[in-house]
Amino acid sequence: MSLNPDEWLWGWDPTPGIVSVWAESDGRAIVWRRIGATGALIREDDRFRPWLLLDRLDDLRHLGTELAPEGAASRVTWRELDGPGALRFLVSAADGKALAAAVLQGASRRLDREIRHLRDLGDEAVLSLAPEEQYLVASGRTYFRDLAFDQLHRLQFDLETTGLDPERARMFMVAVGHPSGATEVLEATGRGDEAEADLIRRLAAVVAAADPDVIENHNLHGFDLPFLDRRARKLGVRLVLGRIPHLGLRQRAARRGVAGDGDSRRRIRFLVPGRELIDTLDAVRQYDFSARELPGHGLKAVARHLGLAKADRELVPGHLIYQVYRDDPDRIRRYATADVEEVAGLARVLGGAAFALATMAPRRYERLADAGPATGVIDPLLVRAYLRAGAALPAHQPGDGTVHSGAALHLFATGVAHRVVKADVASLYPSLMRAYRIGPARDRLGALLALVDRLVERRLAAKASARAAPPGSAERYTHEAMSAAMKLVVNSAYGYMAAGGGLTRFADVHAANEVTRRGREMLDFMCRALAARGVTLLEADTDGVYFAVPDIWTETDERRVVAEVGALLPPLVQLEFEGRYAAMLSHEPKNYALLGIDGKLVLRGVAFRSSRAEPFGEAFLRRAIGRLLRGDIQGVRDAYLDAVSMLRRREYSTHDVSSRVRLTKSPAAYQASRAIRRELSYEALLSAGRTRWRVGEKVRIYRTRTGSGLVDEQDQAPDRRDYDVDHYGRVLRANFAVRLIRALSPDDFGVVFADPDQPSLFTPAFDAMHPVLNALPSPGVYRTIDHAQRG
DNA sequence: TTGTCGCGGGG
DNA sequence: GTGTACGCGACAA
């Protein structure tokens, strides 16, 4: 019995160095521990008493004298927990399967229908965790105590295959990154079944010999493991990647998994006993969720972006890999080796947060790496806290129909503003929860707020420790990762309450609405307080405001105003000076361009960035907006005239005018619909002589006078430049120049983007033109975005 | 135009 | 035995 929030956050058992746990429902648990000092691995066989939470004991009464209160030597024992929660009977037995069977037998009798699985009793009647989680919750143990990330033994492997579909394609190469950092390449020695089977056996042998705690790759769960599993089964090879020799790949249900065989609606991921299977794609997604800076989530793009890619990194388009291998195998060996090296780096740079989470939450490391923070981290923490406190848990409860209201979004002005400042509240929602003590109504222990309080405080400490450690040191890295993990959990506390459809145990739409209501109130207050100090409000969204300041202000004045307004906010709510910009083009809500003091131009929102946009148009837009924000209207006109002229003289390459499209129809499907409606993309393929393509493939197409053409990025086909100049002239004006319409008066806009061939009666005085800023009438500026509840 | 749905990745 | 959100593109109405 403990009401100590530190135990809620970290568990209580001090056992160090746990790197993997495998538990069975018969009460056996195997724990692998890494001794930090020596690097030695220890396997310990432990026992635990499998347990369940029930809303009633009725279903076990049929056991008679075999059911008794805790402390008795009965086969099944129970204890009633305190408080009003529905899940109040903690029952346990030496064997979990027998316990579940006894409950099912009783429930079937009571309900007069056959209950086959505990889940059929519903969330409101039973809580049953995976055996490992039962073990961790009951023991108070967690992974990785007193262990640093770099003390883990991590191995990476990456398959090279002849295609993506394991029904037809084969593996011909596996690159392996060893825990030592060394790499090796395994290759099939021929093209047949036996060569591929041998390759799989050699991979398993390499893994067994290296005996890593963790296996990593990019899209490991989405590609490599399912592919390996399918090939091994097709070839009749027993695939053992775990630490228990007779146990092969197992499966677990996972929303973000691949379709399992049999029921294709079932999504699964693979797991193996004794090792944690980590997919760096999960870490990338989690990272980009808050950072929102990655160009894509593919390995190569992310590695380059994070500075992990070597300058001479070998690159080969996916569909050419096997083809290139046959001509130049060394090139593919270098390519695959670079893949595992980058994965190892990526896992280290981005995987630290999940590693840190595993020192807190009672779940396996690999589960914490792919779980969402609300149901995946906070819920297990709360379950452990309640059981530790001896308190009954509330059951999941469907919402009462109350709609969840969202954040505020105000657009105050459109057009061009100079001397722009962005101020925002750090971690607005958790701050409001703490400041106004807003937590789930049914959380009678106040555990969620206690966890948020602890996490915020510990995070400040972790940030300070990180700053104190030498840059680049393992110690600094550990503290930074801990800080990132804590931020993740803190920021999802609000989402946990707002989750609809009975998704989370303590979901509370009223509490969530109170948080957003306070947030809107806070944003309104900040805007008014700033406006009262003489700034021009531009846009405010959720937790931050862009505003322009008078020309005579210095940065000190800007910071002073932000500090003044910040001082008016409640304690724990901190307004931060986030940045200052030379100018801003405000186009629509969430669509704007910022010119940094350093001259860097940032475009945000759908109006300014689209993957379909033709490169020539994007280039024009960047140049024109750069000129515009510097007040150079002549420069905007020049950008337009240059673009028109380059089009007419066909100085843009075919690639410059092409746009990227995704093919959604197979060749057969298009042939079937072609008579009814012709589509540009497929016509481009056909006219280029391509009759075969794959659904989902992305190609670049462009318009010609008579039809369309294909830009083949791989083959470097001749740059034909036979594009339709008039069409792209219209595109330039209608799709790109129009993004500047808010920046100029209608007359000026007409003049700046006038057709160069239409002579005007007078010489336009571009020097006399100025960008405009239009304040929006106040009733129209206010919008509340409703995040509709999903059920 | 507006609403809905599905994707993001891997060879 | 699971569960992000968001921005974007494709498609249907």
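A note on names: the letters A, B, ... follow the listed sequences, proteins ahead of strands, and every chain is numbered from 1.
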Chemist: By nearest atom, which of the nucleotides dG3(C), dG11(B), dT4(C) is closest to the F223(A) side chain?
Modeler: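 Nucleotide nearest to F223(A)'s side chain: dG11(B).
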
Chemist: Between dG7(C) and dG10(B), how far is it from one P atom to the other, in whole Å?
Modeler: 22 Å

Chemist: Would you mind reading off the distance between Y429(A) atom OH and dT4(C) atom C1', rounded to a whole angstrom?
Modeler: 15 Å

Chemist: dG9(B), dG1(C), dG11(B): which one has an atom nearest the side-chain heavy atoms of R119(A)?
Modeler: dG1(C)

Chemist: Tell me if a side-chain donor or acceptor on Y365(A) pairs with a main-chain N or O of A354(A) at a distance below 3.5 Å.
Modeler: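 It does not hold such a pair.
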
Chemist: Pick the P atom in dG11(B) and in dC6(C), then give their distance to the nearest Å.
Modeler: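 Taking atom P in both dG11(B) and dC6(C), they lie 29 Å apart.
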
Chemist: Nearest whole Å is fine: how far is dG7(C) C1' from E588(A) CD?
Modeler: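 From E588(A) CD to dG7(C) C1': 15 Å.
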
Chemist: Would you say the side-chain atoms of D158(A) pair up with the backbone N or O of A175(A), donor to acceptor, closer than 3.5 Å?
Modeler: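 Side chain of D158(A) to backbone of A175(A), a donor-acceptor pair under 3.5 Å: no, none is there.
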
Chemist: Using a heavy-atom cut-off of under 4.0 Å over every strand shown, decide if L159(A) touches base, sugar-phosphate, or nothing.
Modeler: sugar-phosphate

Chemist: Write down the distance between OH (Y322(A)) and P (dG10(B)), rounded to a whole number of angstrom.
Modeler: 22 Å

Chemist: For N217(A), answer base if it contacts any base atom (sugar-phosphate contacts may also be present), sugar-phosphate if it contacts only those atoms, and nothing otherwise; contact means non-hydrogen atoms under 4.0 Å.
Modeler: nothing

Chemist: Would you kindly give the CG-to-P distance between L299(A) and dG9(B), to the nearest whole Å?
Modeler: 12 Å

Chemist: Using the side chain to side chain contact (heavy atoms under 4.5 Å, CB included) definition, which of the options Q156(A), E314(A), H218(A), R313(A) pairs with D339(A)?
Modeler: R313(A)

Chemist: Between atom CD1 in I115(A) and atom P in dG1(C), what is the gap in whole Å?
Modeler: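 Nearest whole value for this atom pair: 17 Å.
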
Chemist: Whole Å only: how far is the CG atom of L164(A) from the P atom of dG11(B)?
Modeler: 8 Å

Chemist: Here's one to test your reading of the geometry: is the NZ or CZ of R170(A) within 45 degrees of the ring axis of F227(A) and under 6.0 Å from its centre?
Modeler: no

Chemist: Looking at residues at least two apart in the chain, or sitting in another chain, which of them share a ring pair (Phe, Tyr, Trp, His ring centres under 6.0 Å) with Y702(A)?
Modeler: none

Chemist: Hey, what do you get for CD (Q134(A)) to OG (S128(A)), rounding to the nearest 0.5 Å?
Modeler: 6.0 Å

Chemist: Counting the atoms with a prime plus P, OP1 and OP2 as sugar-phosphate, which does H218(A) contact under 4.0 Å by heavy atoms, base, sugar-phosphate, or nothing?
Modeler: sugar-phosphate

Chemist: Which nucleotide, dG8(B), dG10(B), dG11(B), lies nearest any side-chain atom of K300(A)?
Modeler: dG11(B)

Chemist: Nearest of dG11(B), dG8(B), dG10(B) to any side-chain atom of N219(A)?
Modeler: dG10(B)

Chemist: Answer yes or no: does a side-chain N or O of Y496(A) lie under 4.0 Å from OP1 or OP2 of dT4(C)?
Modeler: no

Chemist: For the side chain of T375(A), starting at C-beta, report the closest nucleotide among dG3(C), dG8(B), dG11(B).
Modeler: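 Side chain of T375(A) sits closest to dG3(C).
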
Chemist: Across the strands shown, which category fits D339(A) at heavy-atom distances under 4.0 angstrom: base, sugar-phosphate, nothing?
Modeler: sugar-phosphate

Chemist: Roughly how far apart, to the nearest Å, are dG9(B) and dT2(C) at atom P?
Modeler: 27 Å

Chemist: In whole angstrom, give the distance that lies between atom CG of N591(A) and atom C1' of dG7(C).
Modeler: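 Atom CG in N591(A) sits about 11 Å away from atom C1' in dG7(C).
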
Chemist: Taking only side-chain N and O atoms of R367(A), does any of them lie within less than 4.0 angstrom of OP1 or OP2 on dG3(C)?
Modeler: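 So the side-chain polar atoms of R367(A) do come within 4.0 Å of the phosphate oxygens OP1 or OP2 of dG3(C), strictly under.
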
Chemist: What contact category does Y325(A) fall into here, base, sugar-phosphate, or nothing, at under 4.0 angstrom with non-hydrogen atoms?
Modeler: nothing

Chemist: Mind calculating the distance between CG (L228(A)) and P (dG11(B)) to the nearest angstrom?
Modeler: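 In whole Å, dG11(B) P and L228(A) CG are 14 Å from each other.
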
